[in-house]
Structure formats: C-alpha cells, structure tokens
Amino acid sequence: MADLQQIRTRVTLTEHEVINTNSTDFPGNYAGYDDTWSLAKFEEKFRVNIVSLEGSELEFDMVGVDASIANAFRRILLAEVPTMAIEKVFVHNNTSIVQDEVLAHRLGLIPIHADPRLFEYRQEGDDDGTAEDTIEFHLNVKCTRNTQAPKDSTDPDEIYKDHKVYTKHLKWVPLGNQAELYSEGDIKPVHDDILIAKLRPGQEMDLRLHCVKGIGRDHAKFSPVATASYRLLPEIVLTEEVKGERADRLVRCFSPGVMVVTEEKGVRRARVVNSRLDTCSREVFRHPDLKDCVKLNKLRDHFIFSVESTGALAPDVLVCEATKVLMGKCRKFLSELDVVADTEQQGMR
C-alpha cells in the first residue's frame, strides 16, 4: 500500500531513469482508491502561495492540480494574454544601413508599456486605426557631426550626435481623445535604452509606428512574458544516517542550501534543510557508497511557477489575466456541451 501511495503522489528519480511520470489521478486506476473528481476535494487540496514578487519576476506555488492544468496556465501566459506591440511601420525616410524590413521587425519586438485591457482589437483590413485600438509613435532621428568634439578623438560618442537610435527617441502621438485619457508616462516603451540602430552623419530615420493589440499565438512579439515555466517540488529523503566524511561528500552532491552538516555530541551528520533549492542533478548516484542513502522524488501535484514579465503588465496581473482566459475557455466548452446535449435530445424526439 505504501508503494502504491508513492506511485500515486510522487515522481521518482533513479540512477538511470525517471519513473512514475504518467498521471494516474482518474477513477478506477487503482483498486481501493476513490479517485473520482469532486469540487469539495479540489477545494480542500488546491492552494496558491506567493513565494516572491520583485519587479517583473514572480514565483508562486500552485498545489493540488494536475499537470495538464499547470501546463494550460503556462501556455496561456505565453500565447493568449494580450499585449500592445508595434504592428505597422510607415517609413517616410530611412537612409540607415538597416533595411526597412529588418528595421520594422526590430521595432516590433520592442515591449510597449501600455495596458492592453484599455484597448480593443483592431478590425481586420483597417489600416488607419482609431483611438480605441491604436497607439501611434513617431521616430525622427538624424545623425550630425559634433563640432565641439576634440580634433584627435575617434570615439563615435564624442564626434557624432544622435548616432545611436534608442527607444527613448520614440515619441508618443495621442490619437483622438487619448491625451485626455492617458498621461505621458502611461504609454511608452518599457525600456528607454534599447538600441534600435546606429547612424552616421547624413543618415536619418523618419518613421510613423502603429501599435495594436494582439496575442502571442499570432506573433511572438505580443507575448507578455520573457519566460513562464514550472517545475515539480523536489523531495529528498534520507534512508539512513550519513556521518563524518560521507556527510560532507553528500552535501556537495546537491545544490547550495539543500543540505547542511550539523554536529551533535561530537558526531557530524548530514541533514536536509531546503529540498526546494535542488536542481535534481542526480550527482549523488555517481558515488557507490552514497547512492542508496537517499531517495529523490518530486511531488506530482506541487508546481513551482516562475513568471518574468516583459514589462507591459506586472507578473501578478498576468497570472490573473491568464486565469480569466482559462475561465472563458471553460465557459465556452460547457456551453458547447449544452448545445450538443440539446441537439441529441431533439434528435431523440
């Protein structure tokens, strides 16, 4: 029974393979276990714990769900939470060495600080846009020589003016009543120091840019996250006491902070203090006298999420928006089931 409980709740890392990776949480898979899903059991087990939230990075635990649910959140964060990004570039003048097409692609990848929830999706075939669905920027930079530069200088930063085009040169141009709705700091590139191109005297750029609302499934530039990943919570179990020199070697087999050596009554012993920090390298299995001292597991229903925002929205807001998208998908699925059920009932009459 203990082995069966281990299979149901743990993924096990052995010397040469990872076992018990398949999901088994469904009715009838094991005799004597009632694995039918119920809202009461889900509410009892499910929880979300915020571990850290610093700037654009969020780490949280999602406990009590299947891997399919965790992966749904990850995929929605990557591809279905909308953002604003540069979609159209109108080139009035570009005498730099960067081709128009390459320049437009580089501009499209610049993260834009604008709340997509305040804008609508642009209608297909609309090239002009409106204040409700479009943000416009102008980029007008011309490189000139610095007449005040030292005569013997060869440093481009000294002898040229505006020879580096940064995102700080993008100027927001309000459309319609946008100036009344948003302040200057509400709409801008996330970072001012992203290098767009380099110019030399006589070269210039004069561009008009349109930002629209979109999702990462259509183009990666709309993805709101730099990374969104999860891993299972590691579990390290000592099967016997490890003392002395063996304890020192055992601690070195794991990531810093996972294990420590404590001394009590003159005896030095290895002890697990924070298995969460382990990277599951399985280094311990290279030591014949240590590999049977530990069991390496991962909790099947405990997911450690890491979300890094590109800056358009805070990472905690992105997770909330992903939850709303998932809820919308569930409502759509349930409504389609109702339609199918109604159709079948009408056919039986």
Side-chain angles (χ1 to χ4, degrees), residues 55-56 78 82-116 119 122 126-129 133-175 178-179 182-216 218-227 308-313:
S56 61
L78 289 170
T83 62
M84 304 295 290
I86 296 171
E87 175 71 6
K88 290 187 177 295
V89 178
F90 302 92
V91 181
H92 299 297
N93 191 11
N94 175 29
T95 56
S96 72
I97 63 171
V98 184
Q99 301 95 327
D100 293 351
E101 296 82 0
V102 177
L103 179 60
H105 184 267
R106 288 177 63 84
L107 291 168
L109 295 176
I110 296 172
I112 302 299
H113 183 274
D115 193 337
F119 294 88
R122 182 185 280 195
D126 183 3
D127 293 331
D128 297 327
D133 58 30
T134 302
I135 298 173
E136 183 171 313
F137 287 97
H138 282 185
L139 178 61
N140 193 345
V141 181
K142 183 175 183 179
C143 178
T144 58
R145 290 189 178 275
N146 182 12
T147 57
Q148 306 299 321
K151 293 183 179 181
D152 58 344
S153 176
T154 59
D155 184 359
D157 291 333
E158 292 183 350
I159 63 178
Y160 303 137
K161 290 183 178 180
D162 294 328
H163 75 106
K164 291 182 179 179
V165 183
Y166 290 104
T167 44
K168 66 182 180 181
H169 292 111
L170 291 173
K171 304 301 180 184
W172 172 50
V173 180
L175 300 176
Q178 288 182 350
Y182 316 110
S183 63
E184 187 70 28
D186 293 338
I187 299 177
K188 60 181 181 179
V190 172
H191 305 286
D192 290 335
D193 57 351
I194 299 176
L195 182 64
I196 299 173
K198 292 183 179 181
L199 305 177
R200 286 298 180 262
Q203 296 179 351
E204 64 178 304
M205 289 183 177
D206 185 7
L207 313 174
R208 185 163 55 93
L209 319 172
H210 278 186
C211 300
V212 300
K213 185 175 180 178
I215 58 176
D218 296 330
H219 195 288
K221 66 185 178 183
F222 291 111
S223 181
V225 293
T227 58
E308 181 182 350
S309 169
T310 59
L313 292 174

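Along the sequence shown, the residues carry numbers beginning at 1.
- Qualifying side chain to side chain donor-acceptor pair (under 3.5 Å) partners for Asp218, counting only residues two or more places apart in sequence or in other chains: none.
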(message) Would His169 and Asn140 count as a side chain to side chain donor-acceptor pair (under 3.5 Å) here? Give the steps.
(response) CA-CA 7 Å; His169 292 111; Asn140 193 345; over 6 Å; no

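- Atoms CD1 and OG1, on Ile110 and Thr310 in that order, are 12.5 Å from each other to the nearest 0.5 Å.
- The nearest pair of heavy atoms linking Met84 to Cys211 is CE-O, 3.9 Å.
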(message) I'd like to know whether Ile135 forms a side chain to side chain contact (heavy atoms under 4.5 Å, CB included) with Phe119, so could you lay out the CA-CA distance, the side-chain angles of the two residues, the decisive distance to 0.1 Å, and finally the verdict.
(response) CA-CA 9 Å; Ile135 298 173; Phe119 294 88; 3.7 Å; yes

(request) May I have the step-by-step check of side chain to side chain contact (heavy atoms under 4.5 Å, CB included) for Leu207 and Phe137, ending in yes or no? (result) CA-CA 8 Å; Leu207 313 174; Phe137 287 97; over 6 Å; no

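- In terms of heavy atoms, Ala85 sits closest to Gly108 at CB-O, 4.1 Å.
- Taking the salt bridge (Lys or Arg N to Asp or Glu O under 4.0 Å) definition, one finds that Asp128 meets it with nothing, sequence neighbours left out.
- Listed by chain and number, the residues in a salt bridge (Lys or Arg N to Asp or Glu O under 4.0 Å) with Lys188 amount to none (sequence neighbours excluded).
- In this structure Thr134 satisfies the side chain to side chain donor-acceptor pair (under 3.5 Å) test together with Arg122, sequence neighbours excluded.
- Rounded to the nearest 0.5 Å, atoms CG (Asn146) and CG (Asp157) are 11.0 Å apart.
- Shortest non-hydrogen contact noted between Ser183 and Trp172 is O-CZ3, 3.7 Å.
- Listed by chain and residue number, Phe90 satisfy the ring-ring contact (aromatic ring centres under 6.0 Å, His included) test with His210 (two or more places apart in sequence, or in another chain).
- With Lys221 contributing its side chain and Ile86 its backbone, the two residues share a donor-acceptor pair below 3.5 Å.
- To the nearest 0.5 angstrom, Thr83 atom OG1 is 6.5 Å from Phe222 atom CZ.
- Looking only at distances, no side-chain donor or acceptor of Ser56 sits under 3.5 Å from a matching main-chain atom of Gly311.
- Between Pro116 and Pro82, the shortest heavy-atom distance links the atoms CG-O, 3.2 Å.
- Listed by chain and residue number, Glu158 satisfy the side chain to side chain donor-acceptor pair (under 3.5 Å) test with Ser153 (two or more places apart in sequence, or in another chain).
- In this structure Tyr166 satisfies the ring-ring contact (aromatic ring centres under 6.0 Å, His included) test with no other residue, sequence neighbours excluded.
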Side-chain donor-acceptor pairs under 3.5 Å in residues 191-205, sequence neighbours left out?
from	atom 1	to	atom 2	distance (Å)
Gln203	OE1	Arg200	N	3.1
Glu204	OE2	Asn93	ND2	3.3

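- The salt bridge (Lys or Arg N to Asp or Glu O under 4.0 Å) check on Glu136 picks up Arg208, with sequence neighbours excluded.
- In this structure, the side chain to side chain donor-acceptor pair (under 3.5 Å) partners of Asn94, at least two apart in sequence or on a different chain, are Ser96, Asp100.
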(message) As a quick check of understanding, evaluate side chain to side chain contact (heavy atoms under 4.5 Å, CB included) for Val212 and Asp133, giving each step before the final call.
(response) CA-CA 6 Å; Val212 300; Asp133 58 30; 6.0 Å; no

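- The list of side chain to side chain donor-acceptor pair (under 3.5 Å) pairs with a residue in residues 105-116, not counting sequence neighbours, reads Asp115-Arg117.
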(message) Show, in sequence, the C-alpha distance, side-chain angles and deciding distance for Leu103 and Val91, and conclude whether the side chain to side chain contact (heavy atoms under 4.5 Å, CB included) test is met.
(response) CA-CA 10 Å; Leu103 179 60; Val91 181; 5.7 Å; no

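- Residues satisfying the salt bridge (Lys or Arg N to Asp or Glu O under 4.0 Å) test with Lys161, not counting sequence neighbours, are none.
- Annotation: Ile97, atom CD1; neighbour count of heavy atoms from other residues, nucleotides and ligands within 6.0 Å does not exceed 12.
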